[in-house]
Amino acid sequence: MQVHHVPTRPSGQAIEAIELSVLAPVHNEEENVVPLVDSICESLKDFGKPWELILVDDGSTDATLERARALLGRPGVKLRIIELQRNFGQASGLQAGIDAARGRLIATLDGDLQNDPRDIPAMIDILEMQDLDMVCGWRKERQDGLMLRLIPSWIANRLIRKVTGVHIHDYGCGLKLYRTSVVRQVRIMGGMHRFIPAWVASVTPTSRIGEMVVHHHARQFGQSKYGISRTSRVILDLFSVLFFMSFRQRPGHFFGTIGLVFGAISTLMFLYLFVVRFIIGEDIGTRPMLLVAVMLFLGAVQMITTGIVAEMLVRSNGGGDVYTVRAVYESNVGNS
């Protein structure tokens, strides 16, 4: 991994503890990246504690990276830019930023200027006053298209709440605040960024996950990366979330239960066929039940052995990175 630092902190100066890391993954947002940084800096100018801004360039093919790097020397901004080797997706971009964050708290927001960073201080107040581990933004007055964005999102949010049991109104809002020590206990991968509250609920009680109504703006520049075509992916991802929330530590229970059900049904069929053949004396060689019983028995063996293999993988998997960093560009200018 190639690393660039501009400029560096004087060697005799003590390193301040960072209170807040603001994280924004960006992909082909060349028209938005400078206004984004400006709005974040303006929103936190009276924060009063050391904070940093992390931009994760997720394989942009336009001038996003160049325009972001031009901001490195700006006074009052402790800016880091993490350049990923290719486009890994928003989930990996978030994970890369979370891994790199130095703050006690992490605030995330989208790079398209639709989230309002002015909500971040209020979210911090709610997190501290209510002793929460996570605060989710709720775009109550969302500025998006009805058919392509609002209706699919409404359906998805209701479905996710029902399946996961985490009652957040707006799973898709990019504006969220976390305690760093908590969010680092989960890994965000494979397009699972929409389900972060559910992942966090696997390491902390749902009573420590709150939400706050936040501002939302219509997109001014660039093209949205989301649409109704993602609905099917969300549904498939939801099945994965349900599986991992219930069987992440013991996947053998999931596959093994299916295997035992198959095995029990096949055993009953074999017992019935045994009675028919050896007690009643009828021929069973051409009966479809015999083939079904054999197939169920083989399915039972396969499911149980799959569960054993899954258990072995869970115990041997170290949870590797889901992204590759090409370079890190850093400006160590204080902004407390």
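By convention here, the first residue in the shown sequence is residue 1.
Cluster membership check: Tyr272 does not share its hydrophobic cluster with Met295, using side-chain heavy-atom separations under 4.5 Å among Ile, Leu, Val, Met, Phe, Trp and Tyr. Cluster membership for Val213 and Tyr171, using ILVMFWY side-chain heavy atoms within less than 4.5 angstrom, is not shared. Connection of Leu268 to Val292 is not established within any shared hydrophobic cluster, with ILVMFWY side chains joined at heavy-atom distances below 4.5 Å, either directly or through further cluster members. The cluster map of Ile, Leu, Val, Met, Phe, Trp and Tyr, joined by side-chain heavy atoms under 4.5 Å apart, puts Met212 and Leu175 in the same cluster. In terms of hydrophobic clustering, with Ile, Leu, Val, Met, Phe, Trp and Tyr side chains grouped at heavy-atom distances under 4.5 Å, Ile124 and Trp138 are assigned to different clusters.
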**Q.** Pair Leu71-Val77, side chain to side chain contact (heavy atoms under 4.5 Å, CB included): steps then yes or no
**A.** CA-CA 9 Å; Leu71 302 173; Val77 183; over 6 Å; no

Q: Go through the steps for Ser92 and Asp58 under the test side chain to side chain contact (heavy atoms under 4.5 Å, CB included), then give the verdict.
A: CA-CA 8 Å; Ser92 296; Asp58 187 23; 5.7 Å; no

Q: List the steps and the verdict of side chain to side chain contact (heavy atoms under 4.5 Å, CB included) for Arg287 and Val276.
A: CA-CA 11 Å; Arg287 292 200 176 203; Val276 171; 3.6 Å; yes

(Q) Run the side chain to side chain contact (heavy atoms under 4.5 Å, CB included) test on Ile120 and Leu20 for me, step by step, so that the C-alpha distance in whole Å, both residues' side-chain angles and the decisive distance to 0.1 Å come before the verdict. (A) CA-CA 10 Å; Ile120 294 176; Leu20 173 68; 4.1 Å; yes

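Taking the ring axis of Phe274 as reference, the NZ or CZ atom of Arg277 does not stay both within 45° of it and closer than 6.0 Å to the ring centre.
Using a cut-off of 4.0 Å between Lys/Arg side-chain N and Asp/Glu carboxylate O, Asp131 and Arg179 are scored as salt-bridged. In summary, Lys49 and Glu128 do not engage in a salt bridge, as defined by a charged side-chain N under 4.0 Å from a carboxylate O. Salt bridge status for Asp38 with Arg74: present, with a side-chain N to carboxylate O gap under 4.0 Å. Under a 4.0 Å N-O distance rule, the pair Arg139/Asp116 does not qualify as a salt bridge. Residues Glu42 and Lys45 are paired through a salt bridge, judged by an N-O separation under 4.0 Å between the basic side chain and the carboxylate.
Although no hydrogens or angles enter the test, the distance criterion places no donor-acceptor pair under 3.5 Å between the side chain of Asp110 and the main chain of Asp112. Arg67 contributes a side-chain N or O that, together with a main-chain N or O of Glu30, makes up a donor-acceptor pair within less than 3.5 Å. Side chain of Lys78 to backbone of Glu330: no donor-acceptor contact under 3.5 angstrom is found. Judged purely by atom type and a 3.5 angstrom limit, Arg102 has no side-chain atom pairing as donor or acceptor with the backbone of Ser21. Without hydrogens or angle criteria, Thr180 side chain to Gly103 main chain gives a donor-acceptor distance under 3.5 Å. At least one donor-acceptor pair under 3.5 Å links the side chain of Ser39 to the backbone N or O of Pro35. With hydrogens and angles disregarded, a donor-acceptor distance shorter than 3.5 Å links the side chain of Thr64 to the backbone of Glu29.
Here the straight-line distance linking atom CD1 of Ile106 with atom CE of Met134 works out to 11.5 Å at 0.5 Å rounding. The CG atom of Leu127 lies 9.0 Å from the CE atom of Met123; values are rounded to the nearest 0.5 Å. Atom OG of Ser207 is separated from atom CD of Gln130 by 11.0 Å, given to the nearest 0.5 angstrom. Arg194 CZ to Asp170 CG: the interatomic distance, rounded to the nearest 0.5 Å, is 8.0 Å. The NE2 atom of His216 sits 6.0 Å away from the CG atom of Asn115 when rounded to the nearest 0.5 Å. Here Thr61 contributes atom OG1 and Asn28 contributes atom CG; the two are 4.0 Å apart, rounded to the nearest 0.5 Å.
Side-chain contact check for Leu65 versus Ser60: every heavy-atom pair is 4.5 Å or farther apart. Between Leu36 and Val26, some side-chain heavy-atom pair lies under the 4.5 Å cut-off. Taking 4.5 Å as the limit, some side-chain heavy atom of Val325 sits within range of a side-chain heavy atom of Leu84.
Gln95 and Tyr323 share no donor-acceptor pair across their side chains, judged by distance under 3.5 Å alone.
Ring planes of Phe297 and Phe270: perpendicular class, angle over 60° (limits at 30 and 60°). Using cut-offs of 30° and 60° on the angle between ring planes, the pair His215 and His217 is parallel.
Screening residues 292-304 for salt bridge (charged side-chain N to carboxylate O under 4.0 Å, His left out), with sequence neighbours left out, gives no hits.
Residue Phe255 qualifies as enclosed at atom CZ: its count of foreign heavy atoms under 6.0 Å is above 12.
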